[in-house]
There are 2 protein chains.
Amino acid sequence: MRKRKEEIIDLAMGLVKSRGFDSFSYSDLSKKLGIAKASVHHHFPTKEDLGMAILENFCETLTALYDELNESDLTPWEKLDKYMARFAEYIENGAICPLSSLQAEANVISEAMRDSLREIEEYEIYFVSGILEEGRERNEMKFDGSPSETAGFLVSAMKGAVQQARLHGTDFFTNSVSTLKNMLKP
Amino acid sequence: MRKRKEEIIDLAMGLVKSRGFDSFSYSDLSKKLGIAKASVHHHFPTKEDLGMAILENFCETLTALYDELNESDLTPWEKLDKYMARFAEYIENGAICPLSSLQAEANVISEAMRDSLREIEEYEIYFVSGILEEGRERNEMKFDGSPSETAGFLVSAMKGAVQQARLHGTDFFTNSVSTLKNMLKP
DNA sequence: GTCTATAAATGGATAGAC
DNA sequence: GTCTATCCATTTATAGAC
């Protein structure tokens with residue numbers, strides 16, 4: 001069995017993605033884990049502690065994925081596909097990107113969480129920006145504006161599409177994906 | 001003075017846009033209005049009643065705007081500009097589109113609210129779809145795919161950009177707007 | 001329509017035993 | 001690490017007087 005702490009983070013992360021941070025409780029976690037509420041508090045004394053841990057954990061997940069892709073010999077298009085594939089998983093689970101979820105609650109979460117959220121989002125855009133830059137250098141992608149501007153647009157459009165898809169069906173998402181990819185074709 | 005009911009809806013709508021539906025309370029409303037919590041319950045017995053009223057009211061607001069634009073002699077591009085202008089207001093107020101906010105809470109709100117939300121979003125896409133169709137017929141706009149597919153992409157990309165802009169600055173939004181408009185240029 | 005009072009449930013959080 | 005027990009604040013919601 002994994003470490004309890006990891007287990008709690010995973011569970012909480014699932015709830016953030018499907019319900020939001022403010023809308024789940026220690027009670028939800030304790031029930032799903034089959035332990036007492038106080039036991040959850042033992043691992044994460046306050047909900048903010050848990051929130052920060054969720055963000056840090058997600059940042060590590062992204063780092064692992066991005067490092068793997070950066071160190072691979074995949075083409076920019078293949079990297080982009082791998083990046084985009086993750087969002088399809090959210091939809092399948094009736095969820096959205098956890099960063100989108102927390103974004104919608106930006107005025108409710110603590111400043112520390114908001115800062116962490118912002119930082120991770122910048123990191124994500126920076127990563128996508130790198131893919132686009134490489135694609136353009138190789139003459140495999142084409143776009144107006146800077147790589148980082150284009151990446152910012154692409155990332156926010158993807159996440160908007162995921163949110164939309166939860167209520168309106170997966171086609172909404174696949175359509176956005178192909179539209180975005182067409183935009184980048186030389 | 002406006003009707004209390006309207007006043008409560010407006011106030012609640014503001015809180016949905018900036019904080020989300022689950023994260024504001026009757027207490028928030030009563031304090032801002034200077035009346036007792038029970039007085040708010042008099043107008044909207046349950047929070048779901050209030051939630052439904054918020055959605056219906058927003059639908060009326062959209063209908064008024066869309067009807068006005070449809071009956072005007074504005075060009076498709078001018079209509080699109082007017083449509084997009086509303087989103088800039090959200091950002092200025094540290095808010096996001098109320099539909100985006102509720103979307104993020106899709107698994108938390110009631111089924112009735114979810115259905116209403118979905119319906120309004122379809123209506124919005126249908127409206128934008130009309131603008132795009134007219135633009136293409138007049139040879140003033142150009143896009144691959146159907147008008148409704150393109151409208152779905154445009155709407156979700158706009159809302160994603162608004163969410164992103166709240167944490168990363170207005171430039172994020174203006175950049176997305178110009179990218180989307182460039183996509184449609186013939 | 002508005003008030004006070006209050007119920008009933010839930011949420012986050014802590015103390016102290018095992 | 002986990003438990004029971006408990007605290008305190010908040011939340012939704014209702015009863016009944018003015």
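Note that the structure is a prediction, hence the values are computed from the model and not measured. Just so it is clear, the values below take in all heavy atoms, side chains as well, and ignore hydrogens, waters and symmetry mates. Below, chain A is the first sequence line, B the second, and so on; all start at residue 1.
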Without decimals, in angstroms, what is the distance between Leu29(A) CG and dA13(C) C1'?
14 Å
Answer whether the closest heavy-atom distance between the side chains of Val177(A) and Met158(A) falls below 4.5 Å.
yes
Figure out the CZ/C1' separation between Arg19(A) and dG11(C), and round it to whole Å.
14 Å
Would you say that Ile35(A) contacts Leu29(A) through its side chain, given a criterion of any heavy-atom pair below 4.5 Å between the two side chains?
no
Would the base of dG12(C) count as contacting Lys37(A) through its side chain, where contact means a donor and an acceptor less than 3.5 Å apart?
yes
Quick test of your reading of the model: are Arg138(B) and Glu134(B) salt-bridged, counting only N-O distances below 4.0 Å?
yes
dT2(D) phosphate, OP1 or OP2: any side-chain N/O from His43(A) under 4.0 angstrom?
yes
Looking at every strand, decide which applies to Phe44(A) at a 4.0 Å heavy-atom threshold: base, sugar-phosphate, or nothing.
nothing
Under-4.0 Å salt bridge between Glu92(A) and Arg166(A)
no
Between dT11(D) (P) and Leu50(B) (CG): distance, integer Å:
15 Å
Against the side chain of Ala36(A), the closest entry in dA5(C), dT4(D), dT11(D) is dT4(D)
Euclidean distance, atom CG of residue Asp22(B) to atom C1' of dT12(D) [Å, nearest integer]
12 Å
Lys31(B) has an atom NZ; how far is it from atom P of dT11(D), in whole Å?
7 Å
Would you mind reading off the distance between Tyr26(A) atom OH and dT4(D) atom P, rounded to a whole angstrom?
18 Å
Whole Å only: how far is the CG atom of Leu33(A) from the P atom of dT2(D)?
9 Å
Counting only side-chain heavy atoms from C-beta out, which of dT14(C), dT2(C), dA5(C) sits nearest to Ala38(A)?
dT14(C)
Report yes if the distance between the aromatic ring centroids of Tyr123(A) and Tyr66(A) is under 6.0 Å, otherwise no.
yes
Give a yes/no answer on whether the side chain of Ser39(A) brings an N or O atom under 4.0 Å of OP1 or OP2 in dC3(D).
yes
Rounded to the nearest Å, what distance is computed from the NE2 atom of residue His41(B) to the P atom of nucleotide dT14(D)?
8 Å
Contact nearer the 5' end of DNA chain C, comparing Asp28(A) with His42(A)
Asp28(A)
Distance check: side-chain N/O of Ser25(B) vs OP1/OP2 of dT10(D), anything under 4.0 Å?
no
